[in-house]
Structures are given as C-alpha cells and as structure tokens.
Amino acid sequence: TQGAVHLFLGRGGGEFALSADQILYGEAPTEGEDGEEEWTGVRDARFGSYLAAGDFDGDDLCDLAAYGISPTGDGNHGYVALHRGRAGVERDRGGVEEHAGLRLSGLIEGDLNGRLGRFLAFGDFDGDGKDDLVVTHPHSTVMERADAGSAYIILGRRLSAMPAREDQFPIDLADRT
C-alpha cells in the first residue's frame, strides 16, 4: 500500500511498451544514519491515487503532481509530490525526476483529515506560459467550519534541481486561495 506510479512513455504511432518506462514510489526524505538525506518508502501512502500532469516550470517538459497519504501516520491529511520532467538523452527516453522537487503537506494542527491534494489540476491561469497547479484541500477546516474545504493555486515557477528537503504547506506558497 506504499503506492506507485507507473509511467509509460509513448513510442510514436500511438504505441507503448508492455512494461513501464519508469516507476515512482511513495517516499519521503529522512535523515540517514550518517546524517545525510535519504529517501525512504512510506508505508500506507497510497501514492499516486490522484495525478495531474503539466509544465509547471516552463521548460517544455511534462511535470507530474501525485497525491499520497502523509507519512506521519497521524491522520489522513495527504501530501502532494511534484516531480520535474526530464528530457531523454541517447537511450534514456526521459520521464520525470525520481524524487520530488516540491512537496506540499496538509498537516495542520487539529485538521488531521483535510486530504490535501485529493484533487489536482494544471492550467495556465495567469497567461505566463507556465502551467499553474491547483491543489484542493476538500475536508479542511475554514473559519472554524469543519469540512468546508479549500483550494490553492500555486503559480508555475522554476523548481530546484535538488529534491525537496521539507514538506511545505501550500498556503505559504499559494498565489491564490
């Protein structure tokens, strides 16, 4: 129940291989025994239950946003992992970066079932040529109303080539709510 996303890259003429070109697993950055950052599997993450694809950083490569259950195990608050697209080189056909370049967490004190990222969408809402990411928080508490729900628009921007080190709550990054 860790979850996985199987990517099948088109081969031209509408054909696909019989096996996935790339597999992404639900994982989170943790500190290893040597103090270095490691990415480890997240039990019961259900990673990839909901997906959206678009060009978030404007590099003409398809980026992938995937929903999973947050790794803390204390509720069903969800998280979104945004994986940068990568170009193919020689025999490597491309795909997306193995680790997320941006992770959004839905953990808010007292709101353990907000399910951040349960629905995702890309679209260029501000007309700048970069796809913007809409992240829903369908069961969040808003103005003391349980399950009122909310949505965040995070305008497309450059993503670091390095993996995300910490979860960030989308309200801190959101350009519109």
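In this chain, residues are counted from 1 in sequence order. The analysis underlying the following values was restricted to heavy atoms, covering all of them including side chains, and did not include hydrogens, waters or symmetry mates. Bear in mind the structure is a predicted one, so any value in this text is a computation, not a measurement.
- A salt bridge is defined here as a Lys NZ or Arg NE, NH1 or NH2 lying under 4.0 Å from an Asp or Glu carboxylate O, and Arg11 with Asp21 meets this definition.
- Using a distance-only test at 3.5 Å, with no hydrogens or angles considered, a donor-acceptor pair links the side chain of Asp63 to the main chain of Gly85.
- Side-chain rings of Tyr50 and Phe119 approach one another, their centers coming within less than 6.0 Å.
- In this structure a side-chain-to-backbone donor-acceptor pair under 3.5 Å is present from Asp132 to Phe125.
- The shortest distance between side-chain heavy atoms of Leu133 and Ile153 does not fall below 4.5 Å.
- For the pair Asp55 and Asp60, the minimum side-chain heavy-atom distance is below 4.5 Å.
- A donor-acceptor contact shorter than 3.5 Å is absent between the side chain of Thr136 and the backbone of Gly117.
- At a threshold of 4.0 Å, the pair Lys130-Asp124 does not count as salt-bridged, since none of the basic side-chain nitrogens sits closer than that to a carboxylate oxygen.
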Item to check | Chi angles and distances behind the side chain to side chain contact (heavy atoms under 4.5 Å, CB included) call for Tyr79, Leu104 | outcome: CA-CA 5 Å; Tyr79 73 95; Leu104 305 173; over 6 Å; no

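- For the 3.5 Å distance criterion, the side chains of Tyr67 and Arg118 fail to qualify, holding no donor opposite an acceptor.
- Scanning both residues, Leu51 and Ala66, for their nearest heavy atoms gives CD2-CB, 3.6 Å.
- Cluster membership check: Leu7 does not share its hydrophobic cluster with Tyr25, using side-chain heavy-atom separations under 4.5 Å among Ile, Leu, Val, Met, Phe, Trp and Tyr.
- A donor-acceptor pair under 3.5 Å is formed between the side chain of Gln22 and the backbone N or O of Val96.
- For the pair Arg84/Asp59, a side-chain contact is recorded, criterion being any heavy-atom separation below 4.5 Å from C-beta on.
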Item to check | side chain to side chain contact (heavy atoms under 4.5 Å, CB included) between Leu120 and Val135, intermediate numbers included | outcome: CA-CA 5 Å; Leu120 302 164; Val135 177; 4.1 Å; yes

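- Closest of all the heavy-atom pairs between Ser150 and Tyr152 is OG-OH, 3.4 Å.
- The minimum heavy-atom distance between Glu97 and Arg86, with the atom names listed, is OE2-CB, 3.8 Å.
- For the pair Ile154/Phe56, a side-chain contact is recorded, criterion being any heavy-atom separation below 4.5 Å from C-beta on.
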Checklist entry - Yes or no on side chain to side chain contact (heavy atoms under 4.5 Å, CB included) for Leu24 and Leu64, after CA distance, side-chain angles and deciding distance? => result CA-CA 11 Å; Leu24 302 172; Leu64 179 70; 3.8 Å; yes

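- Nearest heavy atom pair, residue Arg46 against residue Ser49, reads O-OG, 2.6 Å.
- What you find for Ala4 and Ile23 is that their closest heavy atoms are CB-CG2, 4.0 Å.
- For the residue pair Phe122 and Ala65, the shortest heavy atom distance occurs at CE1-CB, 4.0 Å.
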